[in-house]
Number of protein chains: 2
Amino acid sequence: MKTIPDSSIDAHAACYNIAAVERDTGLSKDTLRVWERRYGFPKPRRDQHDERLYSLPDLEKLRLLRLLIDYGHRPGKIINCSTAELAQLISSRAPIKSPPPEIASIIDLLLQHDVENFRNALLQALMKQGLLRFVTETVAGLNHWIGEAWLSGRIAVFDEHLYSEHIQNILRNAIIAQPGRGSGPRVLLTSLPGEKHRIGLLMVEAVLIAEGAACVALGTETPIIDIKNAVPAYRVDVVALSFSSAITQTAALAGLAELRTLLPETVEVWGGGGALVRARKAAPGVLLLRSFDDLRYALERWRVEHVAH
Amino acid sequence: MKTIPDSSIDAHAACYNIAAVERDTGLSKDTLRVWERRYGFPKPRRDQHDERLYSLPDLEKLRLLRLLIDYGHRPGKIINCSTAELAQLISSRAPIKSPPPEIASIIDLLLQHDVENFRNALLQALMKQGLLRFVTETVAGLNHWIGEAWLSGRIAVFDEHLYSEHIQNILRNAIIAQPGRGSGPRVLLTSLPGEKHRIGLLMVEAVLIAEGAACVALGTETPIIDIKNAVPAYRVDVVALSFSSAITQTAALAGLAELRTLLPETVEVWGGGGALVRARKAAPGVLLLRSFDDLRYALERWRVEHVAH
DNA sequence: TCCTTATTTTGTCCAAGACATATGAAAACG
DNA sequence: CGTTTTCATATGTCTTGGACAAAATAAGGA
C-alpha cells in the first residue's frame, strides 16, 4: 500500500505528495485537485507515474491561502496573488503592533535558542502571575505572537516544537500540583478527530482546575462515539470541546451539533477555541465560549443553576 | 460546500456520511469505497443523491475491523466475518500471563474510572520508586499491560486517552522539577513524521534528565529537514529518535540512515523504541538502543570519550 | 435596516481504473 | 535447520472528470 512518502528521500529537493500537503496545510486532497482544475493553482509537477509533486514554495503559498480563507477571504479572489502579495495581505490585516515587552522578552529567548533561560522565564511568569493570569495573559499572548512570527517566517519549525513542549511541561506541572476535585461541575475535556492542538486544551484545563472544577481530560482527537461512552463512565456534567483555527467553523459547529444529539439532555455541551470566536450561533443546547471569561461565566452559571435544585 | 449533515434530523436512524465514518474509524474515504467495491462490505444505503449513508452497526463493525487489522489480521480474511465473530476474535486475544499486582492494582483503578485514586496511585508509585525506577518499571509495565488489555478489548478508547494524559502530566511534572542541565551530552529528542507516540519520548526524556544529560525535546513528528536545522541552532551532541511498534522496523532504520547522512560526523545518532528492539544492525554511525540500560550505557560511553579529549 | 430570494462560488462525493508497496509464501542459500 | 532472496498476491492511495448541495454573495422588496 502506498503511504506518506519518506520525506527524507527528497528532503533537499523539497517535494511533497498530495497526502503530505493535505497533512501540512489542512486542505483536503479533493480541494487541492479541484483548485488545480479550476484556478490553475497549485500546478505541481508530476513524478514518473503522473502523481503530483508539490514544491516547498507551493506549500508555503497554500498555507497563506488557508489562513486568509479562514479569515474570510474567498479562494477565487486571492488564489492567483503572489506569495508576497498574500503575505502583505496578512500583515496588513492587523495593524502591525509589537508584542508587549514581557511577551517579547520571552519570545526573544526562544529565537535565541536559549533553552534554559526560556524555561526559567516561563516559570518565573507563572510564579509571579499565578496560574489563571499566566494562562489567560502570558500563554495566550505567546500563542498569538508566536503565530504571527511563524506567519512572517521569523520562527523555525523546531522552535515552535520546542515552545509547545515547554508550555505543555509548565501547564501540566501546574495542573497536577492543584489539589483534588473542587465544588464545580465535572467537565470532560477533549477535541474531535482531526483537531491536534493540545495547548488550547491544556489552557482550558488549567483554568477549570484553578476555578475549582473537576476535569476529566482525554487529550486530543477522541471519536464522538467514545465521548458518548465516556460520559456515563465518568459521570460528567459537562462536555467541553476545543477547536483551534486549524479547523473550519462549519466543521466545528457540525461536530458540536452531532455530539448534542448523542448525549442526554442533562449533560451540557460547551465549545470554544479559535475556530468559534467569530461564530454567531450554535445548535440548540450547545454553549459557545468565545473567551476565557465566557468559560468562567459558564461555570458560575452552572453552579447557580445546580445549587437551586 | 457540503458538510457533515445535521444528524439531529436522523438521530434515531443513526446515519453517518462517509466523512463522519472516516473521522470516527480512521479509515480513509478511498479505503471505504474500495472495500465496498472489492469485498462488498460495508454496503451502505444511499440518500436521494446516491451518497453513502452508513448505519451504526456498520460503524461498529468497521471499528472492530480496524482494531484487528492494527493487530496484524488481513482485511480480506476477516471482513466478511460477523460482528460477533470479530468480537470473539478480539476477546480470544487474552494475555497469557497476568500483570504483577502493583501494575494490576493501578490498571484496576483506571478500569473503574476512579480518576482521583488513579492519579494518586501513580504519584505514590513515583514517590516510592524515584523517577528512574518509576519510568523503567511502572510506566513500562503499564504501557505493556494496557496495550494487552486494549488488544483484548477490555479497555475503552477513552480509558486509554485518560491514561495517556495522566502519564504525561506525571512525567512532565517530574521533568520540569529536575534541576537545570547536568554534565552529560546535549541530546535532541524527537520522532519522525508519522510517529505520534509521545509517552515513549517522555520516558526517555525523564531517564536522560535523571542521568544528568541536557535534553532538547521537540515532541513528536519533526520533519527530518527541521531536525537537521535544529542541530546547529541548539548545538546538540546527540540526536535521539524514538520509534514505537506502530512503525515498521524497516521504516525506522531508513529514517535513521537518512538522518545520519544529513548530520555532521561529530553529532551522534541514536535510535530506540519498540520498532527497533529486534533490529540486528543499523546503518554505520547509528547507535541502536534496545533498552533503557542501553541508553544509560550510551550516555556513560559518551562521557568517557569526551572527557579524554 | 432588515428579511427574502436569486445567483455564484466552492468544497465534497462519485465511479472505475491504475499502480506501488506491504505482506506472506515459496525458493534458494549458508 | 535457520536465514535471506524472490515472487505473487493483497491492499491502500492516486488518478480523471463530472455532478451537485451548501455557503456566501448579490439583488430585490417590505
Side-chain angles (χ1 to χ4, degrees), chain A residues 1-6 9 16-23 25-39 41 44 46-54 62 65-66 68-79 247-254 257 278-280, chain B residues 1-6 9 16-23 25-39 41 43-54 62 65-66 68-80 194 246-252 254 275 278 280-281:
Chain A
M1 60 213 73
K2 197 169 295 180
T3 55
I4 292 165
D6 190 350
I9 292 170
Y16 302 87
N17 71 358
I18 197 167
V21 176
E22 175 183 50
R23 198 195 51 199
T25 65
L27 299 164
S28 77
K29 300 180 180 99
D30 275 324
T31 299
L32 289 166
R33 287 192 276 252
V34 88
W35 280 8
E36 182 178 344
R37 204 196 312 168
R38 287 201 187 121
Y39 311 119
F41 179 87
R46 304 302 184 102
D47 66 7
Q48 68 271 27
H49 307 292
D50 239 36
E51 302 196 347
R52 294 171 172 80
L53 285 179
Y54 295 84
L62 287 170
L65 284 170
R66 171 77 208 267
L68 286 163
I69 289 165
D70 282 349
Y71 196 73
H73 287 80
R74 306 305 303 276
K77 308 266 184 185
I78 56 173
I79 199 163
I247 275 185
T248 66
Q249 179 179 306
T250 319
L253 291 174
R278 263 178 290 276
R280 268 174 243 284
Chain B
M1 57 214 77
K2 197 168 298 182
T3 55
I4 293 161
D6 186 353
I9 295 169
Y16 302 85
N17 71 357
I18 197 168
V21 176
E22 174 183 52
R23 198 190 50 195
T25 65
L27 299 164
S28 78
K29 300 179 179 101
D30 275 325
T31 300
L32 289 166
R33 286 192 277 253
V34 88
W35 279 9
E36 183 179 343
R37 204 196 314 168
R38 287 203 186 119
Y39 311 119
F41 179 88
K43 197 121 195 164
R45 60 193 185 82
R46 304 302 183 103
D47 66 6
Q48 68 271 28
H49 307 292
D50 237 36
E51 302 195 347
R52 292 169 174 81
L53 285 180
Y54 294 84
L62 286 169
L65 284 169
R66 173 79 206 265
L68 286 162
I69 289 166
D70 283 350
Y71 189 72
H73 286 80
R74 305 307 301 275
K77 307 263 184 186
I78 56 173
I79 199 163
N80 284 313
I247 276 185
T248 67
Q249 178 179 307
T250 321
R278 262 178 290 276
R280 266 171 250 287
K281 55 175 184 180

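Numbers restart at 1 for each chain; the letters A, B, ... are given by sequence-line order, proteins then strands. Here the structure is a predicted model, which is why all the values come from computation and not from measurement. Only this structure's heavy atoms are used, side chains among them; waters, hydrogens and symmetry mates stay out.
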A/K77 vs B/I69, nearer the 5' end of DNA chain D by closest nucleotide = B/I69
query = Would you say B/H49 reaches C/dC13's phosphate, i.e. side-chain N/O to OP1/OP2 under 4.0 Å?
reply = no
query = Below 4.5 Å, heavy atoms only, C-beta onward: do A/I79 and A/L65 meet side chain to side chain?
reply = yes
ask   = Could you go step by step and tell me if B/R46 and B/E51 meet the side chain to side chain contact (heavy atoms under 4.5 Å, CB included) rule?
value = CA-CA 5 Å; B/R46 304 302 183 103; B/E51 302 195 347; 6.0 Å; no
key: Among C/dG11, C/dG24, C/dC13, the nucleotide that comes nearest once only the side chain of B/A19 is considered   = C/dC13
message = Please tell me if B/Y39 has a side-chain N or O lying less than 4.0 Å from either OP1 or OP2 of D/dA10.
response = no
Interatomic distance, B/Y54 OH vs C/dC13 C1' [rounded to whole Å] = 11 Å
query = To the nearest angstrom, how far is A/I78 atom CD1 from D/dA24 atom P?
reply = 15 Å
inquiry  = At 4.0 Å (heavy atoms only), tell me whether A/D50 reaches a base, stays on the sugar-phosphate, or touches nothing.
reply    = sugar-phosphate
ask   = Is there a donor and acceptor pair, one atom on the side chain of A/R33 and one on the base of C/dG11, closer than 3.5 Å?
value = no
request  = Check whether any side-chain nitrogen or oxygen of B/K29 sits under 4.0 Å from OP1 or OP2 of C/dT12, and answer yes or no.
outcome  = no
query = Within this structure, what is the CD1-to-C1' distance between A/I18 and C/dT12, rounded to whole angstrom?
reply = 14 Å
key: Separation of D/dT9 P from B/R38 CZ (nearest whole Å)   = 15 Å
inquiry  = Do B/R52 and B/I18 make a side-chain contact, defined as non-hydrogen atoms from C-beta onward lying under 4.5 Å apart?
reply    = yes
ask   = CD of A/E36 versus P of C/dT10: gap in Å, rounded?
value = 17 Å
ask   = Given that B/S28 and A/D30 both sit by DNA chain D, which one's nearest nucleotide is further toward the 5' end?
value = B/S28
query = Of the non-hydrogen atoms in A/G76 and A/Y39, which two are nearest, and what is the gap between them?
reply = CA-CE2, 4.0 Å
Atom pair distance, as rounded to whole Å: CG in B/D47 and P in D/dA19 = 18 Å
inquiry  = Any side-chain N or O of B/T31 below 4.0 angstrom from OP1/OP2 of D/dT13?
reply    = yes
Atom-pair distance (CZ on B/R46; C1' on D/dA19), nearest Å = 14 Å
request  = Decide, yes or no, whether a salt bridge links B/K29 with A/E22 under the criterion of side-chain N to carboxylate O below 4.0 Å.
outcome  = no
inquiry  = Measuring to OP1 and OP2 of D/dG12, would you say a side-chain N or O of B/W35 lies under 4.0 angstrom away?
reply    = yes
inquiry  = Output the rounded distance in Å from CG (A/L65) to P (C/dT10).
reply    = 12 Å
request  = Using the closest heavy atom to pick a nucleotide of DNA chain C for each, name whichever of B/R52 or A/Q48 lands nearer the 5' end.
outcome  = B/R52
task = Decide yes or no, distance alone: a donor-acceptor N/O pair under 3.5 angstrom between the base of D/dG17 and the side-chain of A/R37.
result = yes
